[in-house]
Amino acid sequence: MSKRNYVRRDYKDTVFHDLFSDKEHALSLYNALNGTDYRNADRLEIVTLSDAIYMHGKNDVSILFQNLLELWEHQSTLNYNMPLRGLIYYAHNIDGILKSRGVNLYGKKLIKIPAPDYYVFYNGREKAPDRQELKLSDAFEIMNEGYEWTAHMLNINAEHNKELLQKCPALNGYITLVQYIREYQAEGLELSAAIDRGIDRCIREGVLKEYLLKKKSEVKLMLLTEFDEELFARTMKEEGREEGRAEGREEGRVEGRSEGRSEGEARMGQLNLRLLTENRLEDLERAIKDKAFRESLYKRYGL
């Protein structure tokens with residue numbers, strides 16, 4: 001991970017969140033997902049929780065419309081824990097809504113709540129189908145009928161879900177911008193330059209033109225953070241796998257390889273959490289790349 005591309009991870013906003021926190025864009029995406037043609041965006045309410053309330057338990061965008069609480073999450077890496085995360089997001093959102101209304105849950109009267117609908121928009125580099133229905137029950141240690149939660153994971157990369165992208169210009173514009181940046185990176189440009197080129201190209205072509213002209217510097221910072229996080233997640237995954245393979249080889253048995261990989265990922269995850277908690281971001285970046293330094297940290301923290 002180049003230091004020139006490194007961005008502070010305490011910058012939390014994303015382009016997806018920023019775009020769809022606009023009511024007009026949110027209504028456009030709602031219509032595209034639900035096959036509707038509502039026009040009055042003032043009737044839609046953005047109810048996304050703030051970082052101050054639930055820093056690690058909030059999704060990207062939540063909207064309240066037509067008695068539905070729609071939860072939208074953008075992901076650049078595949079994550080099959082999204083159903084569980086979505087259930088937590090919904091619970092936190094409902095908790096916030098009921099508290100804002102002063103609702104008493106301890107009375108006899110049945111309290112009516114908005115129905116949930118949860119979408120995960122995936123635009124990572126790994127292959128994925130147009131749509132996957134991820135079920136919470138797949139994570140149950142034992143089957144227990146009657147309890148379910150579903151995450152609709154949609155692949156929004158170019159060449160996937162074309163009809164959805166055509167119906168929602170803001171989503172299509174976001175994907176076009178990301179695609180351009182990735183193309184420029186593939187040509188050898190540094191991330192910062194690739195983002196500049198991608199933004200300028202979108203403006204020339206009329207893609208998200210008003211939005212990008214108005215918020216160009218903010219969008220660049222958000223994209224730097226997003227691409228940095230994506231690279232961080234991929235690097236962590238590969239480093240964890242490699243460390244697990246190495247530990248497995250040392251144990252000298254097939255079962256050890258599988259177990260070693262799992263233990264290696266868990267060990268590295270614990271170290272990363274400690275470093276993040278202590279805000280030691282430079283050491284975290286070094287630990288990803290430098291095995292000897294990582295081993296010294298394992299010893300220091302007793303991992």
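Scope of the values below: all heavy atoms of this structure, side chains included, with no hydrogens, waters or symmetry mates. Values in this document were obtained by computation on a predicted structure and should not be read as measured data.
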Q: Just by modelled atom types, is the His25 backbone N or O under 3.5 Å from a matching donor or acceptor in the Asp22 side chain?
A: yes
Q: Applying side chain to side chain donor-acceptor pair (under 3.5 Å) to Tyr38 and Gln66, what does each step give before you reach the verdict?
A: CA-CA 10 Å; Tyr38 292 107; Gln66 296 297 108; 3.1 Å; yes
Q: Does Ser62 offer a backbone N or O that forms a donor-acceptor pair with the side chain of Thr48 under 3.5 Å?
A: yes
Q: Give a yes or no answer on whether the side chain of Asp60 reaches the backbone of His74 with a donor-acceptor pair at less than 3.5 Å.
A: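 At least one qualifying donor-acceptor pair exists.
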Q: Taking a hydrophobic cluster as the set of Ile, Leu, Val, Met, Phe, Trp and Tyr residues connected by side-chain heavy atoms closer than 4.5 Å, whether directly or through intermediates, do Leu213 and Met222 fall within one such cluster?
A: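 In one cluster with Leu213: Met222, yes.
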Q: At their closest point, which heavy atom of Ile111 faces which heavy atom of Leu105, and how far apart are they?
A: CG1-CD2, 4.0 Å
Q: Answer yes if the ring centres of Phe121 and Phe16 are under 6.0 angstrom apart, and no otherwise.
A: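 Centroid separation for Phe121 and Phe16: below 6.0 Å.
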Q: Show your working on side chain to side chain donor-acceptor pair (under 3.5 Å) between Asp130 and His160 and close with a plain yes or no.
A: CA-CA 6 Å; Asp130 277 10; His160 292 272; 2.6 Å; yes
Q: Atom CE of Met82 and atom OH of Tyr119: how far apart are they, to the nearest 0.5 Å?
A: 14.5 Å
Q: Below 4.5 Å, heavy atoms only, C-beta onward: do Pro129 and Asn155 meet side chain to side chain?
A: no
Q: Would you please test Arg131 and His152 for side chain to side chain contact (heavy atoms under 4.5 Å, CB included) and show each step?
A: CA-CA 7 Å; Arg131 182 176 181 127; His152 314 295; 3.3 Å; yes
Q: Decide side chain to side chain contact (heavy atoms under 4.5 Å, CB included) for Ser76 and Arg125; before the verdict, give the C-alpha distance in whole Å, the side-chain angles of both, and the deciding distance to 0.1 Å.
A: CA-CA 7 Å; Ser76 59; Arg125 300 170 192 261; over 6 Å; no
Q: Do Leu98 and Asn104 touch side chain to side chain, with heavy atoms closer than 4.5 Å?
A: no
Q: Is it possible for you to say whether Trp72 and Leu177 belong to one hydrophobic cluster, with membership spreading through side-chain heavy-atom contacts below 4.5 Å?
A: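 Same cluster.
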Q: Any side-chain donor-acceptor pair under 3.5 Å between Gln185 and Tyr180?
A: no
Q: Do we see a donor-acceptor contact under 3.5 Å between the side chains of Glu70 and Asn34?
A: yes
Q: Would a 4.5 Å heavy-atom cut-off, applied to side chains only, mark Gln132 and Tyr80 as touching?
A: yes
Q: Looking at every non-hydrogen atom in both residues, tell me the closest pair between Gly198 and Ile181 and how far apart they are.
A: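 That would be CA-CG1, 4.3 Å.
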Q: Between Val120 and Ala151, which heavy-atom pair has the shortest distance, and what is it?
A: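 What the structure gives for the nearest pair is CG2-CB, 4.3 Å.
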Q: Would you say the side chain of Arg197 lies within less than 4.5 Å of the side chain of Ile195, judging by non-hydrogen atoms?
A: no
Q: Could you tell me whether the side chain of Tyr184 reaches within less than 4.5 Å of the side chain of Glu187, counting heavy atoms only?
A: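 Yes, their side chains come closer than 4.5 Å.
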Q: If I take atom CG from residue Leu154 and atom CD1 from residue Ile156, how far apart are they, to the nearest 0.5 angstrom?
A: 8.0 Å
Q: For the CD1 atom of Ile199 and the NZ atom of Lys209, what is their distance to the nearest 0.5 Å?
A: 15.0 Å
Q: Provide the closest heavy-atom pair for Leu271 versus Leu297 in the form atom of the first, atom of the second, distance.
A: CD1-CB, 3.7 Å
Q: Could you tell me the separation between the CG atom of Leu171 and the CG atom of Leu19, rounded to the nearest 0.5 Å?
A: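 Output value for this atom pair is 9.0 Å.
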Q: I want to check something: taking the side chain as every heavy atom from C-beta on, are Val47 and Ile63 in contact at a cut-off of under 4.5 Å?
A: no
Q: Does any donor atom in the side chain of Glu133 or Thr150 lie under 3.5 Å from an acceptor atom in the other side chain?
A: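 No.
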Q: Does the pair Glu226 and Thr14 meet the rule for a side chain to side chain donor-acceptor pair (under 3.5 Å), with working shown?
A: CA-CA 7 Å; Glu226 289 179 52; Thr14 67; 4.7 Å; no
Q: For the pair Asp117 and Leu69, evaluate side chain to side chain contact (heavy atoms under 4.5 Å, CB included) and give the outcome as yes or no after the intermediate values.
A: CA-CA 6 Å; Asp117 211 3; Leu69 177 57; over 6 Å; no
Q: Give a yes or no on whether Tyr147 and Ile94 share a hydrophobic cluster (residues Ile, Leu, Val, Met, Phe, Trp, Tyr; joining criterion: side-chain heavy atoms under 4.5 Å apart).
A: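 Linked within one cluster.
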Q: Using only atom types and a distance under 3.5 Å, with no angle test, would you say the side chain of Asp290 pairs donor to acceptor with the backbone of Phe293?
A: yes
Q: Give me the ring orientation class for Trp149 and Tyr90: parallel if the planes are under 30° apart, tilted from 30 to 60°, perpendicular past 60°.
A: tilted
Q: Nearest 0.5 Å, what's the CG-CG distance between Asn40 and Leu27?
A: 8.0 Å
Q: Output the distance between atom CG (Asp95) and atom CD1 (Ile113), rounded to the nearest 0.5 Å.
A: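 Asp95 atom CG to Ile113 atom CD1 measures 11.5 Å (nearest 0.5 Å).
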Q: Does the side chain of Tyr211 pick up a donor-acceptor pair with the side chain of Asp18 at under 3.5 Å?
A: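 On atom types as modelled, these side chains qualify, holding a pair under 3.5 Å.
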Q: Taking Ile97 as the starting point, is it possible to reach Leu71 by hopping between hydrophobic residues whose side chains are less than 4.5 Å apart?
A: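 Same cluster: Leu71 reaches Ile97 through Ile, Leu, Val, Met, Phe, Trp or Tyr contacts under 4.5 Å.
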Q: Establish, from distance only, whether the side-chain atoms of Lys167 and Ser28 form a donor-acceptor pair under 3.5 Å.
A: no
Q: Can you establish whether the number of heavy atoms outside Lys135 located under 6.0 Å from its atom NZ is more than 12?
A: yes
Q: Minimum heavy-atom separation for Ile46 and Ser21, please, with both atom names.
A: CG1-O, 3.8 Å
Q: Is the closest basic N to carboxylate O distance between Lys216 and Asp196 below 4.0 Å?
A: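 Salt bridge between Lys216 and Asp196, a charged N being under 4.0 Å from a carboxylate O: no.
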Q: So Glu295 and Tyr298, side chain to side chain contact (heavy atoms under 4.5 Å, CB included) or not? Walk me through it.
A: CA-CA 5 Å; Glu295 289 294 336; Tyr298 286 154; 3.7 Å; yes
Q: Linking I/L/V/M/F/W/Y whenever any side-chain heavy atoms sit under 4.5 Å apart, do Leu33 and Tyr30 land together?
A: yes
Q: Would you please indicate if the ring centroids of Phe20 and Tyr174 are separated by under 6.0 Å?
A: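 No, ring centres 6.0 Å or more apart.
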Q: Does the side chain of Arg182 come within less than 4.5 Å of Asn157's, by heavy atoms?
A: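 Yes, at least one pair of side-chain atoms sits under 4.5 Å.
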Q: For Glu73 and Tyr118, which I'm curious about, is there any donor-acceptor pair between the side chains at under 3.5 Å?
A: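 Distance-only check fails for Glu73 and Tyr118.
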Q: Is Glu183 paired with Arg201 through a side-chain N to carboxylate O contact shorter than 4.0 Å?
A: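 Salt bridge between Arg201 and Glu183, a charged N being under 4.0 Å from a carboxylate O: yes.
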Q: Do the non-hydrogen side-chain atoms of Cys202 and Leu208 ever get within less than 4.5 Å of each other?
A: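 No, every pair of side-chain atoms sits at 4.5 Å or beyond.
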Q: Flag yes if more than 12 heavy atoms outside Asn67 fall under 6.0 Å of its CG atom; otherwise flag no.
A: no
